[in-house]
Colleague: 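Following this message is one structure expressed as structure tokens.
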Amino acid sequence: MNHSARIKFYCRSFNKELYLISRRLYEDAGYPCVRLTDQTAEGYFFTMLEDEECDIAINVDEDCFITDLDAVLALAHRVVQEGWVNAGCSDAGVGVPRRGDQLVTNPFFNVFNLREIRREWNASKLIPQLRKDSYKGIEPYYNFFYWMVQTFPNRTLYLDNSHHPDGITTQLADASGRILCQHSWFARLFRISWLTRLFEGNDRKDINQSLRINAVIDEVYLLRHMQRPEFGFVQRVGFFFDECIRWSVKIPQRIAGWPKKIKRRMGR
């Protein structure tokens, strides 16, 4: 890695327990690990761009588990050396359990070359523009990725992806075939508290997502020859109160977004 490039790991996190389990798989790299809570889907990327102490952001969702840390760091090196602005998984990839736009990378895992992106980034001008009522894709962050693709043509590196044997989890690989990470999806169903049941529900009732996600975690820790973190009673009480705080912010955010959702649906 180019030692002049300042690297940080970022995670947009809601579940602190899941974040700590995921972070344990990359924190030994020796780079800062930043947990960002209460971020909107698109605001998360704006926050990373504001961090002038970071040149290369390795974005890892809390339900994304790194299977080969050396391969991830080698990918970051490749992004710098070859001048890519973003490396990630196409939202229409074969291993993605939905069909989004093939040009957009799903933000469960990315390597962002923030130093390059900032060359064209103007927050005061672009953020209001990207936050217009009607965005172009299926997620609020689509406008940001469309802006990157249009501003930096042919500088997004799309990584190989495939389905895990469980039929849901996405496996991401580098050019040599090394598996970089496994993204389980359905993080909100990792620990199904009464708050989760009240505000989220389960849109895949045929599958016990908690058991499946835990199986993915155990598999990755076994592959890494690492001991999965164990949490005591006091820590779990802390997780509960952290979840209550996260919900206290998330619910108003969702309510505030209802007018935009209603307007979009009426326009279809």
Side-chain angles (χ1 to χ4, degrees), residues 1-2 4-10 12 36 39-61 64 71-162 170-178 180-181 183 264:
M1 174 60 60
N2 182 348
S4 64
R6 298 165 298 174
I7 302 170
K8 288 186 181 182
F9 284 86
Y10 283 89
R12 179 175 176 242
L36 293 178
Q39 300 278 309
T40 61
E42 76 276 31
Y44 174 59
F45 306 107
F46 305 154
T47 300
M48 282 191 283
L49 281 163
E50 290 172 1
D51 187 354
E52 295 289 346
E53 295 183 353
C54 178
D55 298 321
I56 305 297
I58 302 176
N59 165 53
V60 185
D61 260 7
C64 181
V72 168
L73 296 177
L75 175 63
H77 176 81
R78 180 184 176 188
V79 166
V80 173
Q81 292 298 108
E82 298 181 5
W84 302 99
V85 296
N86 173 28
C89 176
S90 170
D91 207 27
V94 295
V96 177
R98 69 178 188 188
R99 287 296 172 261
D101 192 312
Q102 63 181 356
L103 295 177
V104 174
T105 57
N106 189 286
F108 69 78
F109 176 89
N110 300 88
V111 177
F112 290 116
N113 192 336
L114 299 182
R115 185 163 54 186
E116 286 297 307
I117 296 172
R118 288 192 191 105
R119 296 183 190 277
E120 301 294 336
W121 179 251
N122 183 325
S124 61
K125 174 184 176 182
L126 290 170
I127 290 178
Q129 179 180 328
L130 296 175
R131 281 179 166 164
K132 286 180 179 178
D133 287 348
S134 181
Y135 54 79
K136 301 174 183 176
I138 62 176
E139 297 285 359
Y141 55 74
Y142 261 52
N143 278 355
F144 173 72
F145 283 95
Y146 282 134
W147 171 82
M148 269 203 303
V149 169
Q150 293 166 4
T151 306
F152 303 97
N154 302 315
R155 294 181 66 184
T156 296
L157 176 62
Y158 297 98
L159 303 172
D160 293 335
N161 56 91
S162 61
T170 301
Q171 298 182 137
L172 207 56
D174 65 9
S176 66
R178 291 187 296 179
L180 300 165
C181 60
H183 178 228
R264 284 200 308 275

Colleague: Considering all heavy atoms of both residues, which atom of E42 and which atom of P140 are nearest to each other, and what is their separation?
Modeller: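 Heavy atoms of E42 and P140 come nearest at OE1-CB, 3.7 Å.
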Colleague: Taking all atoms of both residues into account, what is the closest heavy-atom pair of F152 and I117, and its distance?
Modeller: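 Taking every non-hydrogen atom into account, CZ-CA, 3.7 Å.
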Colleague: Report the distance from atom OG of S162 to atom CG of L172, rounding to the nearest 0.5 Å.
Modeller: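 Going from OG on S162 over to CG on L172, the span is 8.5 Å.
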Colleague: Tell me which one of D51, N110, N59 satisfies side-chain hydrogen bond (donor to acceptor under 3.5 Å, both in side chains) with Y10.
Modeller: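 Checked D51, N110, N59 against Y10; only one passes side-chain hydrogen bond (donor to acceptor under 3.5 Å, both in side chains): D51.
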Colleague: Between atom SG of C89 and atom CZ of F108, what is the distance when rounded to the nearest 0.5 Å?
Modeller: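 Separation between the atoms: 4.0 Å.
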Colleague: What's the verdict on side chain to side chain contact (heavy atoms under 4.5 Å, CB included) for D174 and D160, showing C-alpha distance, side-chain angles and the deciding distance?
Modeller: CA-CA 6 Å; D174 65 9; D160 293 335; over 6 Å; no
Colleague: Measuring only between side-chain heavy atoms, which start at C-beta, is F46 closer than 4.5 Å to R131?
Modeller: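 The answer is yes, as the side chains (C-beta and beyond) meet within the 4.5 Å cut-off.
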Colleague: With sequence neighbours excluded, tell me which residues meet side chain to side chain contact (heavy atoms under 4.5 Å, CB included) with E52.
Modeller: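 Here the qualifying residues are R118.
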Colleague: With a 3.5 Å distance limit and no angle check, can you tell me whether R178 reaches the backbone of A175 through a side-chain donor-acceptor pair?
Modeller: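 Looks like no, no N/O pair under 3.5 Å.
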Colleague: So, using side-chain hydrogen bond (donor to acceptor under 3.5 Å, both in side chains) as the criterion, who are the partners of E82 when residues are at least two apart?
Modeller: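 Scan of E82 (side-chain hydrogen bond (donor to acceptor under 3.5 Å, both in side chains), adjacent residues dropped) gives R78, W84.
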Colleague: So which atom in A87 and which in L159 form the shortest heavy-atom distance, rounded to 0.1 Å?
Modeller: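 Where A87 meets L159 most closely, the heavy atoms are C-CD1, 4.3 Å.
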Colleague: Do you know which two heavy atoms are closest between V111 and A76, and how far apart they sit?
Modeller: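 That closest heavy-atom pairing would be CG1-CA, 4.0 Å.
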Colleague: Show the nearest heavy-atom pair for residues T47 and Q39, with the distance to one decimal.
Modeller: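 Closest approach of T47 to Q39, heavy atoms only: OG1-OE1, 2.7 Å.
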Colleague: Which heavy atom of C54 sits nearest to which heavy atom of I7, and what is that distance?
Modeller: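 Taking C54 first and I7 second, the nearest heavy atoms are SG-C, 4.5 Å.
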Colleague: For D61, what residues pass the side-chain hydrogen bond (donor to acceptor under 3.5 Å, both in side chains) criterion, not counting sequence neighbours?
Modeller: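 By the side-chain hydrogen bond (donor to acceptor under 3.5 Å, both in side chains) rule, D61 matches no residue at all.
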Colleague: Taking only residues two or more places apart in sequence or in another chain, which ones pass side chain to side chain contact (heavy atoms under 4.5 Å, CB included) with Q102?
Modeller: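 Once residues adjacent in sequence are excluded, the partners of Q102 under the side chain to side chain contact (heavy atoms under 4.5 Å, CB included) criterion are S90, A92.
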Colleague: Should F109 and H183 count as side-chain neighbours, where that means a heavy-atom distance under 4.5 Å?
Modeller: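 Heavy-atom side-chain distance check fails, nothing below 4.5 Å.
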Colleague: Are F45 and W147 close enough that their ring centres sit under 6.0 Å apart?
Modeller: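 No, ring centres 6.0 Å or more apart.
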Colleague: Within this structure, what is the CG-OH distance for the pair L130 and Y146, rounded to the nearest 0.5 Å?
Modeller: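 If I round to the nearest 0.5 Å, the distance is 13.0 Å.
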Colleague: Short question: side chain of D101, backbone of L103 - any donor-acceptor pair under 3.5 Å?
Modeller: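 Such a contact is found between D101 side chain and L103 backbone.
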Colleague: Enter the distance from F145:CZ to N106:CG here, rounded to the nearest 0.5 Å.
Modeller: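 If we round to the nearest 0.5 Å, F145:CZ and N106:CG are 8.0 Å apart.
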Colleague: Start with the C-alpha distance between N86 and M148, add both sets of side-chain angles, then the distance that settles side chain to side chain contact (heavy atoms under 4.5 Å, CB included), and finish with yes or no.
Modeller: CA-CA 9 Å; N86 173 28; M148 269 203 303; 3.9 Å; yes
Colleague: Could you tell me whether the side chains of N122 and S124 share a donor-acceptor contact shorter than 3.5 Å?
Modeller: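 Indeed, the side chains of N122 and S124 share at least one donor-acceptor pair under 3.5 Å.
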Colleague: Any chance you could lay out the side chain to side chain donor-acceptor pair (under 3.5 Å) test for D91 and T105, step after step, and finish with the verdict?
Modeller: CA-CA 5 Å; D91 207 27; T105 57; over 6 Å; no
Colleague: Going by an N to O cut-off under 4.0 Å, is there a salt bridge joining E53 and R6?
Modeller: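 Result for this pair is no, no salt bridge flagged.
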Colleague: Please lay out, stage by stage, how L73 and I58 fare under the test side chain to side chain contact (heavy atoms under 4.5 Å, CB included).
Modeller: CA-CA 9 Å; L73 296 177; I58 302 176; 4.3 Å; yes
Colleague: Side chains of T170 and N161: any donor to acceptor distance under 3.5 Å?
Modeller: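 On atom types as modelled, these side chains do not qualify, holding no pair under 3.5 Å.
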Colleague: For R119, check side chain to side chain contact (heavy atoms under 4.5 Å, CB included) against everything at least two apart and list the hits.
Modeller: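 For R119 the side chain to side chain contact (heavy atoms under 4.5 Å, CB included) partners, ignoring immediate neighbours, are E116.
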Colleague: Keeping the roles fixed (side chain from R12, backbone from P107), state whether a donor-acceptor pair exists under 3.5 Å.
Modeller: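 It does not hold such a pair.
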Colleague: Could you list the residues that satisfy ring-ring contact (aromatic ring centres under 6.0 Å, His included) with Y44, not counting sequence neighbours?
Modeller: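 Once residues adjacent in sequence are excluded, Y44 has no partner under the ring-ring contact (aromatic ring centres under 6.0 Å, His included) criterion.
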Colleague: Does the pair L157 and L75 meet the rule for a side chain to side chain contact (heavy atoms under 4.5 Å, CB included), with working shown?
Modeller: CA-CA 10 Å; L157 176 62; L75 175 63; 3.9 Å; yes
